[in-house]
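Read the structure below first, then the notes.
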Amino acid sequence: MKLTYLRFGTTALVLLFGTVVVSGQDLPQLSALSLNDLSAFKNPGSSWTVAGSVTANLNAANELTAVKGSGTLINNPGKKGHGSDLFSHAVHGDMILELDYLMAKGSNSGIYLQGNYEFQLLDSWTATNPLSSDNGGIYERWDDNKPEGQQGFGGYAPRQNASKAPGLWQHLKIAFQAPQFDASGNKTANARILSAELNGVLIHDNVELFGPTRGAADKEKALGALRFQGDHGAVAFRNIKITALPKELRNGGQKGGGGADPIYIDAPVNTMIRSFVDIAPRIRVVHAISVGSPQKVHYSYDLDKGLLVYGWRGDFVDATPMWDGRGNGTSRPRGARTAFTATLQPALARLETAQAAWPLDTTGTGFKPRGYVMDNEDRPEFKYNLHGLQVSDAIKALENGEGLSREISLDKPAANIYLMLASGTDIQELSKGVYLVDGQSWYLKFNGPQDKPIIRDAAGKKELIIQLRSKLNYSILF
């Protein structure tokens, strides 16, 4: 079966700020929706504020902590009262909506296109079989006249769970086609979600909206406001861009795909595949192994450097580029990928001081890969030699599906051996033993390490390293 998906192009697009628009008019691109204050919205309730940044508490439901500033729109209803929905002054018809959002733990919210069609936002961090009521779902329509338990109908579940943990920024991009009406106001075509991508993963492809979803603000119309749900849970937004839909994308046009049928590998049990993997343009891991789990939390590992490359949630591997025709030897994640490194460098290094430069390769270290052994659940434990030490590296999907656990150990105590835990644009200690990494992309969580991790500057970025004396356990949450 050949699958063809709508792909977003690079055509210039535009937000319609209450302007009368002639059909087919070529519109210049406007700037992003300003979040310097709340002036872009009608009568914002007290639960809505603008801040500079925001974090979530992984141990407290429906709680966000904001830092003063601008650029981030926050709804924080609090425990004593409901918030209110937020409507833009601007109205839109066909459009492409692109934004970042961040959920509090256990939070429930939504984005209503034209005020009427809800795209569900929910803390669905660990869901393995998402429903239309989960994060990324198109919420159900509703009919109170139907029997109890059958009032909801017509929703669309996302193709897979591409969600991130609460407190991490998620990226959403939706191509929306508005309902169409004749001169008498009669609807001639239903609205459509032409394409929706969550964290880089296609979760909807050309689905028809036969009517407003539950909680719609009004009857269907050609133009409507963008509406953010505010009466349920704590949520934050930033980088909101609304742009006009190019004519060639209407009705599901300009689809990519074609060529060979895709070659997909699933992981209903613990599963491994050897291939090349790419972590960035022109940066390829040539001795990689990808490990999948039934928890739908997976990772790729560089056997040449003992390096955890990236992890992802959702479906396992697309092996089409590896096996189609002559192939190029690569496989790629099918789910929402979180990169743990941007540089191919050894995971372990001997440093004279904690501020010494990290080596770029294993030259002079006596590095020797020794493969892996399997545990009683068919999960690999990687082995290698370094500086006369025998290293064991066991990485496993957490049973609750929240991410990965890692136990890395040496066969004997050692001095001045450090582990590179993370690198990125920024790293902050969110709470004791919990670190927020690289623009709130993922968490690193410790359970009583012998030494405190060190945050240091390196080539304009931040690095998180820790001295490895004999054994270290920690979790990666994403």
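Just so it is clear, the structure is predicted and the values come from calculations on it, not from any experiment. Just so it is clear, the values below take in all heavy atoms, side chains as well, and ignore hydrogens, waters and symmetry mates. Numbers for residues simply follow the sequence, beginning at 1.
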Quick one: is the NZ or CZ of Arg334 closer than 6.0 Å to the six-membered ring centre of Trp312, and within 45° of its axis?
no
Taking only Lys NZ, Arg NE, NH1 and NH2, and the carboxylate oxygens of Asp or Glu, determine whether Glu197 and Lys173 approach each other closer than 4.0 Å.
no
Classify the angle between the aromatic ring planes of Phe237 and Phe228 as parallel (below 30°), tilted (30 to 60°) or perpendicular (above 60°).
tilted
Under the 6.0 Å and 45° cation-pi test, does Arg284 pair with Phe276?
no
Would you call Asp123 and Lys105 a salt bridge, taking side-chain N to carboxylate O under 4.0 Å as the test?
no
Could you check whether Lys164 makes a cation-pi contact with Phe478, meaning its NZ or CZ is under 6.0 Å from the centre of the six-membered ring and within 45° of the ring axis?
no
Quick one: do Tyr299 and Tyr310 satisfy ring pair (Phe, Tyr, Trp, His ring centres under 6.0 Å)? Show the steps, please.
CA-CA 6 Å; Tyr299 68 91; Tyr310 50 63; 9.8 Å; no
Ring centres of Phe176 and His92 under 6.0 Å apart?
yes
Heavy atoms of Val54 and Gln440 approach each other most closely as O-NE2, 3.0 Å
Indicate yes or no: does Glu381 engage Arg379 in a salt bridge with an N to O separation below 4.0 Å.
no
Are the charged groups of Asp426 and Lys462 less than 4.0 angstrom apart, N to O?
no
Here's one to test your reading of the geometry: is the NZ or CZ of Arg141 within 45 degrees of the ring axis of Phe210 and under 6.0 Å from its centre?
no
With the threshold set at 4.0 Å, does a side-chain nitrogen-carboxylate oxygen contact exist between Glu463 and Arg456?
yes
Given Leu73, which of Leu86, Val235, Thr49, Leu99 fulfils the side chain to side chain contact (heavy atoms under 4.5 Å, CB included) condition?
Leu86
Which heavy atom of Glu402 sits nearest to which heavy atom of Thr126, and what is that distance?
CG-CG2, 3.6 Å
